Protein chains: 2
Amino acid sequence: MRVFVDCDPGIDDALALAYLAACADVEIVGVGTVYGNNSVEITTDNALRLLALYGRPEVPVAAGAGRPLVQPPNLAGHVHGENGLGGVRAPEPTARPVDESAAELLVRLVRESPGEIDVLAVGPLTNLALALALEPRLPELAGRVVVMGGAVQAPGNVTAWAEANIMNDPEAAEAVLGAGFDLSLVALDVTMRTLAGGRWLDDLAAVAGERAEYTHRFLDFYVGFYESVLGERACAMHDPLAAAILVNPELMVVESVSVPVRVELNGAHTRGATVADLRPRPRADDRPAVTLVTEVDADGFLKRMLDALR
Amino acid sequence: MRVFVDCDPGIDDALALAYLAACADVEIVGVGTVYGNNSVEITTDNALRLLALYGRPEVPVAAGAGRPLVQPPNLAGHVHGENGLGGVRAPEPTARPVDESAAELLVRLVRESPGEIDVLAVGPLTNLALALALEPRLPELAGRVVVMGGAVQAPGNVTAWAEANIMNDPEAAEAVLGAGFDLSLVALDVTMRTLAGGRWLDDLAAVAGERAEYTHRFLDFYVGFYESVLGERACAMHDPLAAAILVNPELMVVESVSVPVRVELNGAHTRGATVADLRPRPRADDRPAVTLVTEVDADGFLKRMLDALR
């Protein structure tokens, strides 16, 4: 399996990279970076550090968009720390970013290997929207696409109704979700039910080795944020759950529905909302459907995530 | 208990009136009518017929708004039949509407008996918004208000995201939900989990007497519509559930949350959506909260509804 990762590390992005890096049958063909959890300069530096840490230093990293298509950026230092990794200084990077932008690298890779490269997108969708603008055949050229983003029937996390990756660039998300990709959407509806709790964190703390130790330290800050929200020692496993769904959909996805998803761009109280027609008898709709994941094997995922860090 | 009912009968409105009429301790002090399930001329005529049928012919009926505050009306003949009662000709009315409008009657009644009159609103909220405009102290003068309307975490019924009563007049709903009433919102989130199924309908068919027989006939058309949506012989008990919640909140409401609810007026894909901040740690908000009912005793309600028709 050959995977391009578009991300904004970010603590849960780190776990997604750790998950993929531990899959022997996954070749990470490239990593694109984007603003989001922090500035693109910092997320790019983090991507390089994390690939070194998790044993994939050879993966090309391409810096991507530094801001959304239309609106100003809104970074998430309060969730991921001032350096995007909970204030923990990860090992020095062993490489530098490539000269291409993230969108250009993605377009080049899928043109070179049509249908063979799957995409994991766990940041704002700006790079994917740019790649789609550069190469309108991207939905046919890419393999499967798994996006972490949105909140369909669950509350949002940056507003009452919107999830951070979508809200960071609603216009880009609307373009990507409507483009006709073979796309699975991993929204807060499932990620907020996939919490790593105190027991899991303790188990991680007991795992020896640099990868597990750093990861546990990254999570400290992140868990602190979630604890202030949830009232318990736990954190949501947004991005690594999406990674696991890309690698093993048949194991991870318990239930899903095929439905067009739109992003509200104009609402006074709903801008950034992901809207799907989940009525028993939905309206006819010629917008391409995506696979909205509605139930996952959270326990199975958490076990695999821990194994990935052993 | 003294109750003013604002409604657009409508088949489930008929059941709400039947429910209230069967409560010996409930005085229905007035009924206001509104366009919605049909034109206001027809809903007014139906209200008069239903009050005669259910044994409350003395209740004053005031015709209300014939159209929404801002947008054009959108009636629901396909759900409630061409005459609003499933094509069944209910007994002739024994009275005529009063000379006041619904909003004027409501304002006069609450001024005469401040704090003593509860309001059941099971149609578009146009009359309540007009009453609020006529009398800004309405939230203090009225008692409790129970509104059937909205779809907060559930799919809508007229669009993917919006419920009919709210979507019929989003501007009116926004004014009413923000006005500071002691208001409980009974949304599709609970009414679509309160279905009268085949067994209940059979039980109703076995009840003797004019009230049960007419009601069963009204429901025939309504169940036909729901069957085409749900794929099973059943129908949602929207309005009578709201009536039961007004009369016996302590028995009917299993769970609720106090939260401000806004109506999206500007969305391209979300106009008419009812938006609430249901995050574990909601944002500070100085808009008045309403009581959003999140779980009900559906079985208990269905039993009481059947008893009301015996």
Side-chain angles (χ1 to χ4, degrees), chain A residues 78-79 151-164 166 170-171 173-174 177-178 188-189 192-193 195 225-232 234-236 257 259-285 287 292 294, chain B residues 78-79 151-164 166 170-171 173-174 177-178 188-189 192-193 195 225-232 234-236 257 259-285 287 292 294:
Chain A
H78 62 298
V79 183
V152 178
Q153 292 194 294
N157 57 5
V158 287
T159 66
W161 58 86
E163 179 277 336
I166 304 296
E171 282 77 12
E174 171 61 4
L177 292 177
L188 297 184
D189 303 64
M192 287 303 290
R193 300 203 306 261
L195 302 181
F225 168 78
Y226 272 96
E227 194 164 3
S228 74
V229 171
L230 302 172
E232 57 177 312
C235 64
V257 55
V259 64
V261 175
R262 291 175 167 82
V263 180
E264 176 62 68
L265 304 179
N266 299 311
H269 307 303
T270 52
R271 178 168 158 83
T274 38
V275 180
D277 192 344
L278 298 177
R279 291 176 290 178
R281 194 178 60 175
R283 195 184 57 160
D285 193 338
R287 181 179 169 100
L292 176 66
T294 52
Chain B
H78 62 298
V79 184
V152 178
Q153 293 194 293
N157 57 5
V158 287
T159 67
W161 60 87
E163 179 276 336
I166 304 296
E171 282 76 13
E174 171 62 4
L177 293 177
L188 297 184
D189 303 64
M192 287 303 291
R193 299 202 308 261
L195 302 180
F225 168 78
Y226 272 95
E227 195 164 1
S228 74
V229 172
L230 301 172
E232 59 176 312
C235 64
V257 55
V259 64
V261 175
R262 291 175 167 81
V263 179
E264 175 61 67
L265 303 179
N266 299 312
H269 307 302
T270 51
R271 177 169 158 82
T274 37
V275 180
D277 192 344
L278 297 177
R279 291 177 289 179
R281 194 179 59 175
R283 196 184 57 162
D285 193 337
R287 180 177 168 101
L292 177 67
T294 52

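Fair warning: this is a prediction, and the values are worked out from it, not measured in the lab. Each chain gets a letter, A, B and so on, in the order the sequences are listed, and its residues count up from 1.
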For this session: For each of B/Ala273, B/Pro155, B/Gly156, tally heavy-atom pairs with chain A at distances under 4.5 Å, and name the one with the top tally.
Result: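 Answer, by heavy-atom pair count under 4.5 Å with chain A: B/Pro155.
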
Exercise. If you count heavy-atom pairs under 4.5 Å with chain A, which of B/Arg262, B/Met192, B/His269 comes out on top?
Worked result: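 So the answer, after comparing B/Arg262, B/Met192, B/His269, is B/His269.
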
For this session: May I ask you to name which of A/Val229, A/Val275, A/Leu265 has the most heavy-atom pairs under 4.5 Å with chain B?
Result: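 It is A/Val229.
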
Exercise. What residue in A/Thr270, A/Asn157, A/Asp277 has the most heavy-atom pairs under 4.5 Å with chain B?
Worked result: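 Of A/Thr270, A/Asn157, A/Asp277, A/Thr270 has the most heavy-atom pairs under 4.5 Å with chain B.
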
For this session: Examine whether an atom of A/Val152 lies under 4.5 Å from a heavy atom of chain B, and if so say whether it belongs to the side chain, the backbone or both; otherwise answer neither.
Result: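 For A/Val152, no heavy atom lies under 4.5 Å from chain B.
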
Problem set entry | For the student: nearest non-hydrogen atoms of A/Ala276 and B/Ala160, plus distance |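 Between these two residues, the closest heavy atoms are O-CB, 3.8 Å.
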
Exercise. Sequence neighbours excluded, which residues qualify as salt bridge (Lys or Arg N to Asp or Glu O under 4.0 Å) partners of B/Asp189?
Worked result: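 Per chain and number, B/Asp189 pairs via salt bridge (Lys or Arg N to Asp or Glu O under 4.0 Å) with no residue.
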
Exercise. Do the side chain of B/Gln153 and the main chain of A/Ala154 share a donor and acceptor less than 3.5 angstrom apart?
Worked result: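 Not at all, since once roles are kept as given, no pair shorter than 3.5 Å links the two residues.
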
With rounding to the nearest 0.5 Å, note down the distance linking [atom1] in [X] to [atom2] in [Y].
{"X": "A/Glu264", "Y": "B/Trp161", "atom1": "CD", "atom2": "CH2", "answer": "8.0 Å"}
{"X": "B/Leu230", "Y": "A/Arg281", "atom1": "CG", "atom2": "CZ", "answer": "9.0 Å"}
{"X": "B/Thr159", "Y": "A/Arg283", "atom1": "OG1", "atom2": "CZ", "answer": "8.5 Å"}

Problem set entry | Non-neighbouring partners of B/Glu174 that pass side chain to side chain donor-acceptor pair (under 3.5 Å), sequence neighbours left out |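 Checked B/Glu174 against side chain to side chain donor-acceptor pair (under 3.5 Å); matches are B/Arg287.
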
